[in-house]
Number of protein chains: 2
Amino acid sequence: MFQVPAKTQYAIRALAHLARSGGDSAARISSAQNISVKYLEGILNQLKLSGIVVSDRGRGGGYRLSRPASEILMIDIVAAMEGDLRPVECVDDSTVCSMEAFCMPRRFWLGLKDSVEGYLKSVNLGDLAEEPLVTFCGTGQKKEHDNV
Amino acid sequence: MFQVPAKTQYAIRALAHLARSGGDSAARISSAQNISVKYLEGILNQLKLSGIVVSDRGRGGGYRLSRPASEILMIDIVAAMEGDLRPVECVDDSTVCSMEAFCMPRRFWLGLKDSVEGYLKSVNLGDLAEEPLVTFCGTGQKKEHDNV
DNA sequence: CCATATTCCTACTATTCCCATAGGAATTTA
DNA sequence: TAAATTCCTATGGGAATAGTAGGAATATGG
Ligand code: FES
Ligand code: FES
């Protein structure tokens with residue numbers, strides 16, 4: 001139930017890179033973090049639409065965080081990439097059923113959702129960016145470093 | 001990152017049914033819970049291999065819980081259907097990388113995993129089975145009841 | 001002893017989602 | 001005006017998910 005998509009992992013690594021570099025182009029993030037350029041472009045665009053990064057087009061342009069890394073919660077990043085957490089349909093779609101408060105399974109899933117959300121709200125991008133990270137962390141590619 | 005597969009939802013509903021009925025055949029669970037019989041058979045078999053239910057073959061046979069519902073934790077069910085929780089590869093596969101303690105992203109994912117596991121260990125099947133549940137809960141099918 | 005109910009096993013299919021790749025248009029600046 | 005860059009859209013391969021299908025093995029009740 002709980003595989004984090006590569007896309008989300010890439011987003012986190014790209015943002016950690018931005019947090020430490022203060023801003024960079026897709027091409028440079030791509031080579032520093034070894035993420036496919038074209039794929040990364042789409043990810044950064046998505047992060048931009050969610051207001052997490054801002055971009056400058058044209059020569060000399062690139063991406064920057066829209067606010068301090070400490071103010072970007074991990075849940076913001078996850079939500080930007082995957083939408084709101086929704087373990088099962090009826091948790092956030094009231095048209096699916098009308099049982100709500102009386103349905104035990106729903107309460108169970110809701111509890112799970114709260115638990116995950118609580119954690120994702122308790123960590124921010126600054127927490128990650130301050131520390132060393134392995135370049136390919138989590139994606140099972142190589143084993144090198146990028147400590148800026 | 002967090003869609004619960006139909007399979008797992010079916011497993012939970014099937015087990016809640018067993019907890020309340022004290023035992024039943026795949027065919028009857030199927031019609032009570034409106035889950036495809038053949039698909040359900042496979043699910044029940046998987047639950048049997050994990051030791052959550054026991055089965056009797058032949059006429060008059062069927063499935064029963066292997067132990068009291070209160071002793072079956074939700075994490076047991078999830079693990080039976082989906083294997084161990086693993087948000088990212090290197091969380092439980094030490095061959096992926098060697099950074100471990102020093103890698104911040106890894107600590108982050110590990111924390112997420114702990115948070116989810118903690119919750120799934122805090123709820124047991126008895127908690128679910130004691131209360132009303134909507135027949136199609138979570139799967140977005142219909143809106144009926146099954147209060148045994 | 002045999003018809004029937006049942007689990008158990010294996011193979012197949014359809015659909016959806018994920019992970020990219022590709023090409024180029026639009027924009028900015030040096 | 002050339003180069004660097006974001007931005008947009010379309011396509012494809014592969015894996016996972018959800019479900020189907022047929023029948024073998026097994027036990028029971030009559
Ligand atoms: S890549 Fe394995 S700990 Fe980060
Ligand atoms: S089916 Fe919606 S609350 Fe259970």
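The structure displayed is predicted, hence computed values, not measured ones. Numbered from 1 within each chain, the chains take letters A, B, ... in sequence-line order.
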Side-chain heavy-atom pair [X], [Y] within 4.5 angstrom cut-off:
X      : Y      : result
A:I12  : B:W109 : yes
B:M81  : B:Y10  : no
B:V78  : B:L85  : yes
B:D76  : B:R67  : yes
A:L125 : A:I52  : no
B:E71  : B:L65  : no
B:L73  : B:N124 : yes
B:Y119 : A:V116 : no

Quick one: list whatever passes side chain to side chain donor-acceptor pair (under 3.5 Å) with A:S55, sequence neighbours left out.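 Testing A:S55 for side chain to side chain donor-acceptor pair (under 3.5 Å), a comparison that skips the adjacent residues, returns none.
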Students often get this wrong, so: under 4.0 angstrom with heavy atoms, is B:A26 touching a base, only sugar-phosphate, or nothing?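 The residue B:A26 makes sugar-phosphate contact but no base contact.
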Please tell me if [X] has a side-chain N or O lying less than 4.0 Å from either OP1 or OP2 of [N].
X     : N      : answer
A:S36 : C:dT21 : yes
A:Y39 : C:dA22 : no
A:Y63 : D:dC7  : yes

Measure [atom1]/[X] against [atom2]/[N] and give the value in whole Å, please.
X     : N      : atom1 : atom2 : result
A:Q3  : D:dA16 : CD    : P     : 9 Å
A:D56 : D:dC7  : CG    : C1'   : 14 Å
A:I35 : C:dC18 : CD1   : P     : 18 Å
B:M81 : D:dT17 : CE    : P     : 11 Å
A:L40 : D:dT5  : CG    : P     : 13 Å
B:Y10 : D:dA18 : OH    : C1'   : 7 Å

Protein proximity profile, nucleotides 24-30 of chain D - base contact B, sugar-phosphate-only contact S, no contact -, cut-off 4.0 Å on heavy atoms: -BBBBS-
Hey, which sits more toward the 5' end of DNA chain C by its nearest nucleotide, A:T8 or A:K38? A:T8
Stretch residues 41-55 of chain A: residues that reach within less than 4.0 Å of DNA chain C through a heavy atom: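 DNA chain C contact set from residues 41-55 of chain A: none.
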Sequence neighbours excluded - salt bridge (charged side-chain N to carboxylate O under 4.0 Å, His left out) pairs with any residue from residues 39-52 of chain A: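 Matches after skipping sequence neighbours: A:K38-A:E41.
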Distances under 3.5 Å between nitrogen or oxygen atoms of protein and nucleotides 10-15 of chain C:
none

CG of A:L49 to CG of A:N45: how many Å apart, nearest 0.5 Å?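 Between A:L49 CG and A:N45 CG, I get 5.0 Å after rounding to 0.5 Å.
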The side chain of A:P5 lies closest to which of these nucleotides: C:dC19, D:dT5, D:dC7? C:dC19
Residues in side chain to side chain contact (heavy atoms under 4.5 Å, CB included) contact with A:Q3, at least two apart in sequence or another chain: none
